[in-house]
Amino acid sequence: MEERFASTLKILTEADKEACETVRVLENEPFSNKKRLFIESYGCQMNFADSEIVASVMRDAGFATTSDAENADLVFLNTCAIRENAEQRVRTRLKQLNVYKKKRPGMVIGVLGCMAERLKSKLLEEEKMVDIVTGPDAYRDLPRLVEEAETGQKGVNVFLSREETYADISPVRLNSNGVTALISIMRGCDNMCSFCVVPYTRGRERSRDPYSIVNEAQALFDQGYKEVTLLGQNVDSYKWNKKEDGSRVNFAQLLEMVAVISPELRVRFSTSHPKDITDEVLYTIKRYDNICKYIHLPAQHGNDRVLELMNRTYDRAWYLERIESIRNILGESCGISHDMISGFCTESEEEHLDSVSLLEQVRFDFGYMFSYSERPGTPAAKKLKDDIPAEIKQKRLAEIIDVQLRISTERNQKLIGTVQRVLAEGFSKRSDNDLSGRSDQNKVVIFPRENFKKGDYVNVLITDSTSATLRGKALVEAEVF
Ligand code: SAH
Ligand code: SF4
Ligand code: F3S
């Protein structure tokens, strides 16, 4: 799930990922006499989507967004707690912000998101310059907390809700390319993967009213957006009871409701959970050309004993059966990516090699790979010993990354000579003469701009590849589905 922010298409080391994961600041809005809000986001796509909710709440309270932290009246860091180094980055950033605050004593600094939820008021004690600590379910309370902070009163709201989905709030699209947008369809997580802090920072799972989701997607399409990504920690367990007749909307049905808005609106989603992804979802993806043939299916490990310790509730055979279903129903070319953790508690060398062999067996298009970072309060931290030395964790991680890089390179090479339908998202990072976009299978494709522009669907003949990107040339004039 990750990276223009989180959804990138390359193989990322942990360090890379933390780097890319960070920081999408808000663009500048006209200020007139409004106060200035600077917001910086860390972590997963859901946090980025939440920052857009926060911007909306604060806009209603009279704030305009700025990309200039130094001269902001209000600075929010929307934080991640998934690994220790994610929190470390926030602490480093807070030190920097403190320098600005010394020059502008009226500046209010708020820590939002998962690290705020994890540390609660402790954060105020640890980081003296922080004025506000707000968890992911308390963003409606931000205007009050800010008002109090402006009078010198520090404030904490880390209440986790069973109902809050912010369904009625229209997000302010931040740093938007005007082509792709994120839509949260649910919040929280009821799984208890033993390594994971998310259930503690995001609370219980709850699904958002499907009609508010469809309305948001429709509004985006009407504004010219061409792609939406439906977000949840475990989208396959999306469920909504219709008030009218008590019938249920499940994820497959929701996907369909969004897909029928227009064949010109691409639909992506993240994250799927191997225990829950159904054939019904796969057949829905197959039925609609505009639902992208790409699935992020985190494996976390390739060994049954470790998967059990992780409490993932599936084993290797189950995972492989789901992969087989994906390939049977959606074809060999369907993009598949994974997450893997190396060096989990008690992992032996042989067990580590089972993760390596899973990569070889599945031949994923790409993956996000991490070394285990113990998170206080999680079941693993309470019950298991974090006993794999850091060097071994790193060595195993490097092995996993090497294998995945080779496989990604090979899989991308196979695409040379094929034609990919690409949605252009903007200029490539290196040159304004090139456009960059993504294929149906979520591969980054770079091609000469010619007369195309962002938002165009372009058929690109692939002529070159690396492990992370494809290059090619447009075949015909811009066309739509
Ligand atoms: N809901 C998603 C994952 C969200 S967290 C899912 O279930 O797949 C994103 C990824 O971070 C996870 O898939 C996992 O690979 C990684 N991760 C989570 N906790 C971690 C930890 N304590 N140490 C290292 N990596 C971790
Ligand atoms: Fe964490 Fe597991 Fe929930 Fe994903 S499914 S957010 S890894 S507890
Ligand atoms: Fe996301 Fe990080 Fe929270 S990955 S859910 S921002 S802990």
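Whatever order the structure lists ligands and atoms in, that order sets their numbers, starting from 1. Predicted model, so just to flag it, every value in this text is computed and none were measured.
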>> As an exercise, identify every atom of ligand 1 less than 4.0 angstrom from a heavy atom of I341.
In response: 14 (C), 15 (O), 17 (N), 25 (N), 26 (C)
> Which of the atoms of ligand 3 are close to Q233, meaning less than 4.0 Å from one of its heavy atoms?
Replying inline: 5 (S)
>> Ignoring hydrogens and geometry beyond distance, is a side-chain donor-acceptor pair present between Y283 and T278 at under 3.5 Å?
In response: no
> For residues R202 and N47, is any side-chain donor paired with an opposing acceptor at under 3.5 Å?
Replying inline: yes
> Given E205 and S237, is the side-chain hydrogen bond (donor to acceptor under 3.5 Å, both in side chains) satisfied, shown in steps?
Replying inline: CA-CA 9 Å; E205 181 188 290; S237 67; 2.8 Å; yes
> Is there any N or O on E374 that sits under 3.5 Å from an N or O of ligand 1?
Replying inline: no
> Considering only protein heavy atoms, which is closest to atom 5 (S) of ligand 2, and at what distance to one decimal place?
Replying inline: N191 ND2, 3.4 Å
> For atom CD of E308, is the number of surrounding heavy atoms from other residues, nucleotides or ligands below 6.0 Å larger than 12?
Replying inline: no
>> Walk me through whether K275 and D315 qualify under salt bridge (Lys or Arg N to Asp or Glu O under 4.0 Å).
In response: CA-CA 9 Å; K275 81 174 160 62; D315 59 13; over 6 Å; no
> Near atom 1 (Fe) of ligand 3, is there an N/O/S atom from C80 that is less than 2.8 Å away?
Replying inline: no
>> I need the atoms of ligand 3 closer than 4.0 Å to a non-hydrogen atom of C114, numbered in the order shown.
In response: 3 (Fe), 5 (S), 6 (S), 7 (S)
>> Could you identify the single nearest non-hydrogen protein atom to atom 1 (Fe) of ligand 2 and state the distance to 0.1 Å?
In response: C196 SG, 2.3 Å
> Is any side-chain heavy atom of I277 less than 4.5 Å from a side-chain heavy atom of R322?
Replying inline: yes
>> Show the atoms of ligand 2 that are less than 4.0 angstrom away from any heavy atom in C189.
In response: 3 (Fe), 5 (S), 6 (S), 8 (S)
>> Is V198 close enough to touch ligand 1? Criterion: a residue heavy atom under 4.0 Å from a ligand atom.
In response: no
>> Contact between ligand 3 and G113 is defined here as a heavy atom of the residue under 4.0 Å from a ligand atom; is it met?
In response: no
>> Distance under 4.0 Å to a non-hydrogen atom of N47: what atoms of ligand 3 satisfy this?
In response: 6 (S)
> For ligand 1, which atoms, with element, lie under 4.0 Å from some heavy atom of R375?
Replying inline: 22 (N)
> Any luck finding a side-chain donor-acceptor pair between T409 and N412 under 3.5 Å?
Replying inline: no
> With a cut-off of 4.0 Å, which atoms of ligand 2 are near a heavy atom of R312?
Replying inline: 2 (Fe), 7 (S)
> Looking at H273, which atoms of ligand 2 are within less than 4.0 Å of one of its heavy atoms?
Replying inline: 5 (S)
> At a 4.0 Å threshold, what atoms of ligand 1 neighbour a non-hydrogen atom of Q233?
Replying inline: 1 (N), 2 (C), 3 (C), 4 (C)
> For R248, does the CZ atom have more than 12 heavy-atom neighbours from other residues, nucleotides or ligands under 6.0 Å away?
Replying inline: no
> Can a donor-acceptor pair be found between the side chains of N78 and D50 at a distance below 3.5 Å?
Replying inline: no
> Should F366 and H338 count as side-chain neighbours, where that means a heavy-atom distance under 4.5 Å?
Replying inline: no
> Is the shortest distance from a heavy atom of M46 to ligand 3 less than 4.0 Å?
Replying inline: no
> Centre of Y166's six-membered ring, under 6.0 Å away, within 45 degrees of the axis: is that where NZ or CZ of R140 sits?
Replying inline: no
>> So if I count the atoms of ligand 1 from 1 in the order they appear, which ones are less than 4.0 Å from some heavy atom of R83?
In response: 11 (O), 16 (C), 17 (N), 23 (N), 24 (C), 25 (N), 26 (C)
> For atom 6 (C) of ligand 1, which of M46, R202, E84, R312 has the closest heavy atom?
Replying inline: R312
> At under 4.0 Å between heavy atoms, which part of F370 makes contact with ligand 1: side chain, backbone, both or neither?
Replying inline: side chain
> Taking heavy atoms and a distance under 4.0 Å, where does P199 meet ligand 2: side chain, backbone, both or neither?
Replying inline: side chain
> Do Y288 and E256 get their side chains close enough for a donor-acceptor pair, meaning under 3.5 Å?
Replying inline: yes
> Does CD in E84 sit with more than 12 non-hydrogen atoms of other residues, nucleotides or ligands closer than 6.0 Å?
Replying inline: no
> Would one find an N or O of P298, backbone or side chain, under 3.5 Å from an N or O of ligand 1?
Replying inline: no
> Quick one: does S371 get within less than 4.0 Å of ligand 1, heavy atoms only?
Replying inline: yes
> If you count the atoms of ligand 3 from 1 in the order shown, which ones are under 4.0 Å from a heavy atom of C44?
Replying inline: 1 (Fe), 4 (S), 5 (S), 6 (S)
> Would you say D339 and ligand 1 have an N/O pair spaced under 3.5 Å apart?
Replying inline: yes
> Does a side chain donor of either R363 or Q404 reach within less than 3.5 Å of an acceptor in the other side chain?
Replying inline: no
> Distance only, no hydrogens: is a donor on one side chain within 3.5 Å (strictly under) of an acceptor on the other, for T79 and R118?
Replying inline: no
> Is C193 close enough that one of its N/O/S atoms sits under 2.8 Å from atom 3 (Fe) of ligand 2?
Replying inline: no
